[in-house]
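For reference, the structure is listed below as structure tokens.
Atoms within each ligand, like the ligands themselves, are counted from 1 in listed order. Computed from a predicted model, the values in this text were never measured in an experiment. Position 1 is the first residue of the sequence, and the numbers go up from there.
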Amino acid sequence: MAAAGATLAIGSARAQGKAEKRIDTIVLGAGVSGLNTAALLEKEGQKVLVLEGRQRVGGRVFTLLDQPGYPEMGFNSMGEGYGRGLDAAQRAGVEMVDITPRFYGGPPQELWLNGKRLTREEWARSPANPFPDALKASLPGEVVGKLVAQHNRLADFSTWNDPANTALDISLHAFLKAQGLSDAAIRLANDVSPYYGMNAFEMSQLMMEFNDGFIKTQMAAGKRSLAVKGGNIHLPLGMAKLIKGDILLGKEVVAIDVQPGGVEVRCADGSVYRAGRAVCSLPFSTLRNIAVTPGFTGAQAQAVQTLGYNGLTIAFLTVSEPFWLNDGLSPSMFTNDQLGVVLPQRFGADPGQVSGLTVQARGNLAQLWDSMGKEAALQNVVARLEALRPAAKGKVKGAAMFSWSQERFTLGQIAYFKPGQVTAFAKAMAAPMGRLHFCGEHTAEGARGLEGALESSERVAIEVLTA
Ligand SMILES: Cc1cc2nc3c(=O)[nH]c(=O)nc-3n(C[C@H](O)[C@H](O)[C@H](O)COP(=O)(O)OP(=O)(O)OC[C@H]3O[C@@H](n4cnc5c(N)ncnc54)[C@H](O)[C@@H]3O)c2cc1C
């Protein structure tokens, strides 16, 4: 099905001296949502062109193929209920492997507060433990998830973005207070390492409940976690191979002009592309820096300008000797130190062996690391680890540092809604602007993460094909 009003891709053809190609739809962004949209439109007979700002495809799916164990800096794993994800993997010809053992090998995570180690039992009895009695045995990183799961107010999580839910669209902070947590308990349970936003005041409880509902459906479908053999980046690479049209890399989109008869897209290198329609899969964090005419209005403008994108910076450390066997402690650490959260990677053929450590900083800590610069931040991580664990001295090396907030084409890890934003604009944010359509994980309505990104591409492909 070729869209009416299809026009020319003029930039690339002129630059390369080739005959100009008729393009039905330009897809902006070659992450999984953009790639899947392109594949779906081609399946229906459209001529598609994909423009990608980075020099690689995959967006937030990104594996360090040059590091031991191929650690993931982005997308980690899918659940057994990821129907779209598993289907995309099959089409892309990649093999999915069960990585559940990666999470369960080795001794459990230990808590390090103010430089001191506490076992779970010590923590449950500690006078410094600010949690209510029923939660005293929980580690800080477990508390929010448990409470949201126990007190999810949505009978049907797919109704999360109904504008009628205004009264429910409160902050995570207000919700946790209502569950009896003090400010000190909220700081420790959430703000030291917030999954979304900078702190619990910044996060919509409605979105937390949507997230929780999605996790529960995944758990009901099966408990295994699946990832792509050899690194998740092979999924978008395989998806890209299936696309017949051009995927042009290094094409940073700087302007989108939506006209009555088509869409004109301008890139930073001066090239211009035209087509009957365009699908924009760019995160709103980057779309807000692009000149779009005639321009966003109302709730959609508010969404593009203000939707949250949380900070996450990841260090990858190589380990020359398993120092945890020398001090007898777990390599897995939750700290309220500048060190962040240390996660042993069991990414080799033997999940009993640690192939390296990733160390995660979220929220304020991610900002602190970013402000130091990569080299200094990596050195600081190694120094803090060695200070807490003298057995690690000389055994760990900072190998890579990756900040999602500083990635020009993402500017944050993942979209999150602030209190009031779900009901203010979640339903309106993906509405087409004439011939310009929107997809991407931030526009998903019934699924989260990679599955949500793929869901959004199905919705937008139908939208384009039936427009
Ligand atoms: C650290 C991390 C861990 C995650 N873990 C999981 C997980 O375990 N399970 C799960 O389901 N999901 C996970 N996710 C989420 C999942 O990776 C994303 O939901 C999904 O990859 C998003 O795909 P997308 O196509 O919507 O966006 P993106 O992948 O961001 O694609 C957008 C594309 O647009 C490009 N772009 C941006 N601006 C421009 C511009 N101006 N011009 C041209 N191109 C531009 C980008 O380079 C990018 O390729 C994780 C994400 C991160 C970052």
Side-chain angles (χ1 to χ4, degrees), residues 26-38 50-64 71-79 81-82 84-86 88 99 102-103 195-196 211 214-215 218 225-228 232-233 235-236 239-240 247-256 265-269 271 273 278-292 309-314 343 358 360-362 366 402-405 407-416 430 438-444 447-457 460:
I26 302 176
V27 176
L28 312 181
V32 289
S33 70
L35 292 171
N36 201 43
T37 302
V50 182
L51 300 177
E52 167 55 49
R54 288 183 167 101
Q55 292 294 348
R56 63 168 179 87
V57 300
R60 278 170 273 177
V61 183
F62 183 50
T63 314
L64 296 182
E72 302 293 349
M73 294 294 104
F75 165 77
N76 260 286
S77 59
M78 48 179 98
Y82 272 46
R84 298 179 178 95
L86 294 171
I99 60 158
R102 282 182 192 173
F103 302 121
Y195 201 79
Y196 297 108
N211 215 33
F214 177 68
I215 292 169
Q218 285 302 312
S225 293
L226 307 164
V228 179
N232 287 321
I233 190 65
L235 173 63
M239 290 170 79
I247 300 175
L248 303 181
L249 302 178
K251 289 287 178 186
E252 178 179 359
V253 173
V254 292
I256 307 169
V265 178
R266 191 170 291 274
C267 295
D269 62 5
S271 53
Y273 301 88
V279 172
C280 175
S281 77
L282 316 187
F284 279 3
S285 47
T286 69
L287 180 61
R288 65 183 63 132
N289 300 325
I290 292 175
V292 180
Y309 279 83
N310 65 281
L312 169 64
T313 304
I314 305 175
L343 302 166
T358 60
Q360 292 194 352
R362 294 179 167 275
F402 194 85
S403 165
W404 282 104
S405 297
E407 277 284 299
R408 178 174 181 73
F409 295 112
T410 313
L411 300 176
Q413 181 206 3
I414 215 159
Y416 70 91
F438 300 92
C439 70
E441 59 87 17
H442 51 293
T443 68
R448 303 278 311 135
L450 184 115
E451 188 72 354
L454 293 170
E455 174 214 285
S456 77
S457 57
V460 85

Those atoms of ligand 1 less than 4.0 Å from some heavy atom in [X]:
X      : value
Glu441 : 19 (O), 22 (C), 26 (O)
Arg54  : 46 (C), 47 (O), 48 (C), 49 (O)
Ile290 : 41 (N)
Ser33  : 24 (P), 25 (O), 26 (O)
Gly58  : 29 (O)
Gly29  : 33 (C), 34 (O), 35 (C)
Tyr82  : 9 (N), 10 (C), 11 (O)
Gly440 : 26 (O)

When only distance counts, is [X] in polar contact with ligand 1, meaning an N/O pair under 3.5 Å?
X      : answer
Ile314 : no
Glu252 : no
Glu451 : no
Met73  : no

What is the nearest protein non-hydrogen atom to [atom], stated with its residue, atom name and distance?
atom                    : answer
atom 47 (O) of ligand 1 : Glu52 OE2, 2.5 Å
atom 31 (O) of ligand 1 : Gly31 CA, 3.4 Å
atom 8 (O) of ligand 1  : Ser77 N, 3.1 Å
atom 3 (C) of ligand 1  : Gly74 O, 3.2 Å
atom 42 (N) of ligand 1 : Val253 N, 2.9 Å
atom 36 (N) of ligand 1 : Leu282 CD2, 3.5 Å
atom 12 (N) of ligand 1 : Leu450 N, 3.3 Å
atom 39 (C) of ligand 1 : Phe409 CD2, 3.5 Å

Hey, does [X] sit under 4.0 Å from ligand 1 if you only count heavy atoms?
X      : result
Arg408 : no
Met78  : no
Val32  : yes

Atom pair [atom1] ([X]) and [atom2] ([Y]), whose distance is rounded to the nearest 0.5 Å:
X      : Y      : atom1 : atom2 : result
Leu51  : Glu252 : CG    : CD    : 12.0 Å
Leu248 : Ser271 : CG    : OG    : 8.0 Å
Leu282 : Ile256 : CG    : CD1   : 6.5 Å

Pick from [options]: the one approaching [atom] most closely through a non-hydrogen atom:
atom                    : options                       : value
atom 5 (N) of ligand 1  : Thr286, Asn76, Thr410, Thr443 : Asn76
atom 32 (C) of ligand 1 : Gly59, Ser281, Gly452         : Ser281
atom 13 (C) of ligand 1 : Trp404, Phe75, Phe402         : Phe75
atom 44 (N) of ligand 1 : Gly53, Cys267, Gly449         : Gly53
atom 52 (C) of ligand 1 : Lys251, Gln413, Gln218        : Gln413

Is the shortest side-chain heavy-atom distance between [X] and [Y] below 4.5 Å?
X      : Y      : answer
Arg288 : Leu411 : no
Leu35  : Ile247 : yes
Ser281 : Thr37  : no

Quiz item: Is there a donor-acceptor contact under 3.5 Å linking the side chains of Tyr195 and Asn211?
Solution: no

Practice problem: Indicate, as side chain, backbone, both or neither, the part of Ile414 found under 4.0 angstrom from ligand 1 when only non-hydrogen atoms are considered. | Solution: side chain

Quiz prompt | Leu287 and ligand 1 - part of the residue with a heavy-atom distance under 4.0 Å | solution =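 None of Leu287 does.
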
Quiz item: So does Glu407 pair up with Arg60, basic N to acidic O under 4.0 Å?
Solution: no

When you measure from the side chain of [X] to the backbone N and O of [Y], does any donor-acceptor pair fall under 3.5 Å?
X      : Y      : result
Tyr309 : Phe284 : yes
Glu455 : Ala447 : yes
Ser456 : Gly440 : yes
Arg266 : Asp269 : no
Gln218 : Gly81  : yes
Glu451 : Gly85  : yes
Thr63  : Asn232 : yes
Ser285 : Thr410 : yes
Trp404 : Gly74  : no

